[in-house]
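Quick caveat: nothing in here was measured; it's all calculated off a predicted structure. Below, each value reflects all heavy atoms present in this structure, side chains not excepted, and no hydrogens, waters or symmetry copies.
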Amino acid sequence: MEKHFVKVRIIIQARLTSSRLPGKALLPVAGYPSAILAALRGSNKKHSIIFATSDDPSDDRLVEEACHHKLHVFRGPLHDVIARYFWAAADLADESIVVRLTADNVLPDGSFVNELVSTLMESQAEYVGVDALRAGIPYGVSAEAFTAAILRKAHRSAVSQADREHVGLWMKRNCRIANLRPKISSGEYFGHLRSTIDTEDDYQRVIRLFEGTVNPLQVGWLELARKLARLPYGPLVPSRELSGTLHSELTLGTAQLGMNYGRVNDSGKPTRPEGVGIVRKALVSGVSTFDTARAYQESESVLGEALQSAGQTHRVVTKVDLASLTKAASKDEVRIRVDESIALSRQALRTDKLNTVLLHVWAYRRLWSGAVFHRLLEQCEAGSVKVIGASVYDPQEALDALHDERVKHLQLPINVLDRRWKNAGVDEAIRDRPDVTVHARSAFLQGILVHPSERWPAVSGFDAENCVRTLCSLANDFGRTGVADLCIAYLRSLPWITSVVIGCETISQLEQNTALFLRPRLTIEQSKKLESVLPTAPEELLNPSMWAGVRNWSAAYAS
C-alpha cells in the first residue's frame with residue numbers, strides 16, 4: 001500500500017454536554033474555542049477534517065463556531081459515537097485511513113497525525129492507538145487511526161453501550177493493533193504529565209501552556225510537551241482511561257487514616273487534621289480515587305470532611321459492613337443491615353449517592369441466599385449507589401465475580417511475589433471484561449516488601465533474606481530508586497490493572513509514593529525477568545491472615 005495513494009481523513013468528535021467541565025469545548029484557549037483549536041491544530045498539515053458533533057440542540061453553538069472557522073461539520077447521534085464516525089466516513093474507500101481526534105486534547109498536531117498514519121501503514125495493523133505512559137508522552141497527546149473498512153466492521157458488530165460510545169474499544173479487542181511510539185529524544189520522558197482538558201485544573205494548565213505562543217496553530221506538540229514539563233507546578237499522578245472515564249493510577253488507601261493498621265506501621269494513626277491534610281494533598285497531586293470501608297472506623301468521616309468542597313471529579317470506593325450479622329440471620333435482617341451500612345457511609349462521606357460499594361468479603365455473595373447482593377442491586381436501582389463490586393482474596397473468587405456482569409469493580413491483592421492471578425487466568429478474564437475497574441491492593445504486602453527480612457513474618461521454607469537481596473538487585477539492575485519503586489512499577493506494567501491502592505500515615509509518605517508514580521513503568525522484558533527471577537511466595541506469606549498474631553482474616557487483607 002503506497003502512502004500517497006491512501007486518503008486520510010481526520011474526524012474530531014466534540015460535544016458541549018460534558019458533566020465534569022460543562023461547555024469545555026467552547027472554553028477559550030489561545031484565542032480559539034478549545035474544540036476549534038484542537039481541530040485546526042490536528043489538520044495543520046492539510047489533511048481533510050470533519051468536525052463531528054451531535055444532532056442534539058445542545059451542540060448548536062458548537063456548530064456555529066465550527067462553521068465560522070470554515071470547518072466541515074457532520075452531526076450525528078449524541079451517544080452512539082461510532083455511528084457518528086461511520087456516517088462521517090461513509091464516502092471513503094475501505095482502504096482509506098480515518099484518524100480519530102477528540103476535542104479535549106489540544107496538543108496533537110498534523111505532525112503527530114502523520115506519525116500515527118505512518119505507523120498504521122508500516123505495521124500493516126488495522127488499528128493504531130497511543131499508550132502515553134509507555135511512549136513517554138503527556139496524557140492528552142492522543143489519537144487513533146484505523147481503516148475505513150474496520151470502522152464499518154466495528155459499526156456492524158459493536159453492541160455494548162461502551163463500545164458504541166468509545167469508538168476504539170471494539171477495535172482494540174478484535175483487530176490487528178499497534179501502538180505509536182512518537183519520535184522523541186533519548187532521555188526525554190513526559191509520561192507523568194497531563195495535557196487533556198477534563199477538569200477546571202486541566203483547563204487552567206492548558207491556558208498557561210499556550211500563554212506567549214506566537215502561533216498556537218502551528219507550534220509542534222513536542223515543543224509544547226517540553227514547555228509543559230517546565231511549568232512551575234508539580235506534575236500530576238498519571239491516569240488511565242477506562243470506558244471514557246479517567247482513573248488515577250494511584251488510589252489512596254485510607255485504612256490508616258481511620259485506625260492503626262499495618263504490620264510495619266511505625267507512625268500510627270494520624271490525627272484527624274493530619275488525615276484531612278493527606279487527602280487534600282492527594283487531590284492536588286492528581287489522585288482521583290480513594291478507597292475506604294465502613295470497617296475502617298473513622299476513615300469515611302475523614303474523607304467526607306476532606307472532600308466536602310472538592311467538586312465531582314473524584315470517586316470514593318467503600319465497602320459494606322456486615323460484621324454484626326450471623327449466618328442464621330434472616331433476609332429481612334440482612335436487608336436492614338445493608339441499608340444501615342449504606343446510610344452510614346453516605347452520612348460520613350457527606351454525599352447523597354455512593355460511587356462504588358464493594359462486598360468486603362466475596363463469600364457474602366452466597367450467604368443468606370444472596371440477600372446482600374440483591375439488596376445492593378436494589379440500592380443501585382433506587383439511586384443510592386452507582387456501581388457495585390467485590391473485594392476478593394484469591395483467584396477463584398475473582399473468576400467467580402467476573403462471571404457476573406453486574407460486578408463492575410474488582411479489588412484484589414497482588415504484588416511482585418504473587419503469580420496466582422496469572423496462573424489462574426484472571427488477567428485473561430479481566431481482558432474479556434473491559435467494563436470492570438480493577439484495583440490492586442497489597443503492593444508492598446502490608447509494608448514488609450520494603451523492609452529488611454527481620455520484619456517479615458516467619459514462613460517455613462521461604463528464604464526472606466535471599467528474597468530481599470533479589471529485590472534490591474533487580475531494583476538496581478532496572479535503574480529504579482529502590483524496592484518501593486520496583487514494586488509499584490511492576491504493578492503499573494500489568495495492563496489489566498486500572499489503579500494501585502496504596503495507603504500512608506504521613507504527607508511525607510504520600511509525596512514519596514506520588515513521586516514513584518511519575519516514573520516509567522517496567523518494560524515488558526523487565527517484567528518477564530522479574531517474574532522469572534523472584535521466588536513465588538507461598539500462601540502463608542501472601543495471605544496476612546495466616547501470619548502469627550493476626551486474628552481477623554478479612555481485616556488483615558483490607559486495603
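- Between His155 and Phe86, the angle of the ring planes stays under 30°, which puts this pair in the parallel group of the 30/60° scheme.
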Output, in order, the C-alpha distance, side-chain angles, deciding distance and verdict of salt bridge (Lys or Arg N to Asp or Glu O under 4.0 Å) for Arg365 and Asp400. CA-CA 10 Å; Arg365 171 71 177 87; Asp400 189 26; over 6 Å; no
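- Classification of the His439-His409 ring pair by plane angle, with boundaries at 30° and 60°, yields perpendicular.
- Taking 4.5 Å as the limit, some side-chain heavy atom of Val316 sits within range of a side-chain heavy atom of Leu303.
- Within the 4.5 Å cutoff, no side-chain heavy atoms of Val407 are placed close to those of Leu402.
- The two residues Glu505 and Gln509 have their closest heavy-atom pair at N-OE1, 2.7 Å.
- Between Arg337 and Asp332 there is no salt bridge, since no side-chain nitrogen of the basic residue lies less than 4.0 Å from a carboxylate oxygen of the acidic one.
- For NZ of Lys408, the number of neighbouring non-hydrogen atoms (other residues, nucleotides, ligands) closer than 6.0 Å is greater than 12.
- No hydrogens or angles considered: a donor-acceptor pair under 3.5 Å links the side chains of Asp339 and Gln379.
- Between Asp55 and Arg84, none of the side-chain N atoms (NZ, or NE/NH1/NH2) sits under 4.0 Å from a carboxylate O, so this pair counts as no salt bridge.
- Under the 4.0 Å criterion applied to side-chain N and carboxylate O atoms, Lys269 and Glu298 are assigned as salt-bridge partners.
- Side-chain N or O atoms of Thr351 include one that pairs as donor or acceptor with a backbone N or O of Lys353 at under 3.5 Å.
- Using modelled atom types, no side-chain atom of Arg164 and backbone atom of Ile82 make a donor-acceptor pair closer than 3.5 Å.
- A distance-only check finds a donor-acceptor pair linking the side chain of Arg492 to the backbone of Arg519 [under 3.5 Å].
- Between the side chains of Glu511 and Ser508, no donor-acceptor pair is found at a separation under 3.5 Å.
- Side chains of Phe517 and Ser285 form no contact here, defined as non-hydrogen atoms less than 4.5 Å apart.
- Residues Leu307 and Leu349 have side chains not in contact (no heavy-atom distance under 4.5 Å, counting atoms from C-beta outward).
- In terms of modelled atom types and a separation under 3.5 Å, the side chain of Trp421 and the main chain of Pro413 share a donor-acceptor contact.
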Assess whether salt bridge (Lys or Arg N to Asp or Glu O under 4.0 Å) is satisfied between Glu378 and Arg335, documenting all intermediate values. CA-CA 10 Å; Glu378 290 172 348; Arg335 289 166 60 88; 2.8 Å; yes
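- Salt-bridge check for Arg441 with Asp291: failed, with every basic side-chain N at 4.0 Å or more from each acidic carboxylate O.
- Ring planes of Tyr127 and Phe146: parallel class, angle under 30° (limits at 30 and 60°).
- Within the 4.5 Å cutoff, the side chain of Arg100 has heavy atoms near those of the Thr102 side chain.
- Taking every heavy atom of both residues into account, Tyr393 and Arg420 meet most closely at O-NH1, 3.7 Å.
- No hydrogens or angles considered: nothing links the side chains of Thr498 and Thr437 as a donor-acceptor pair under 3.5 Å.
- Note on Glu531 versus Lys422: salt bridge recorded, some NZ/NE/NH1/NH2 to OD/OE distance being below 4.0 Å.
- Test Asp435, Asp163, Asp432 against Arg173 for salt bridge (Lys or Arg N to Asp or Glu O under 4.0 Å) and you get one pass: Asp163.
- No side-chain donor-acceptor contact under 3.5 Å links Thr196 to the backbone of Gly140.
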Please evaluate residues Thr17 and Ser58 with respect to the criterion side-chain hydrogen bond (donor to acceptor under 3.5 Å, both in side chains), reporting the C-alpha separation (whole Å), side-chain torsions for both, the decisive distance (0.1 Å), and the verdict. CA-CA 7 Å; Thr17 52; Ser58 62; 5.0 Å; no
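- Between Asp427 and Arg431, at least one side-chain nitrogen of the basic residue sits less than 4.0 Å from a carboxylate oxygen of the acidic one, meeting the salt-bridge criterion.
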Please test Ser54 against Asp59 for side-chain hydrogen bond (donor to acceptor under 3.5 Å, both in side chains), starting from the C-alpha separation and ending with a verdict. CA-CA 6 Å; Ser54 84; Asp59 287 321; 2.4 Å; yes
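- For the residue pair Asp80/Gln161, the side-chain donor-acceptor check at 3.5 Å is not satisfied.
- In terms of heavy-atom proximity, Arg294 sits nearest to Thr318 at N-OG1, 3.8 Å.
- With 3.5 Å as the limit, one finds a donor-acceptor pair spanning the side chains of Glu300 and Ser345.
- Among all heavy-atom pairs drawn from Leu530 and Val416, the shortest one is CD2-O, 3.9 Å.
- In terms of heavy-atom proximity, Val468 sits nearest to Trp456 at CG2-CZ2, 3.7 Å.
- A 4.5 Å side-chain heavy-atom check between Leu322 and Trp368 finds at least one atom pair inside the cut-off.
- Judged by distance alone, with hydrogens and angles left aside, the side-chain atoms of Ser288 form a donor-acceptor pair with the main-chain N or O of Ser248 at under 3.5 Å.
- Between Arg15 and Asp56, no side-chain nitrogen of the basic residue sits less than 4.0 Å from a carboxylate oxygen of the acidic one, so the salt-bridge criterion is not met.
- Taking the side chain as every heavy atom from C-beta outward, Leu354 and Arg346 approach each other to under 4.5 Å.
- Summarising the geometry of Pro270 relative to Leu257, their closest heavy-atom pair is CG-CD2, 3.7 Å, with the distance given to 0.1 Å.
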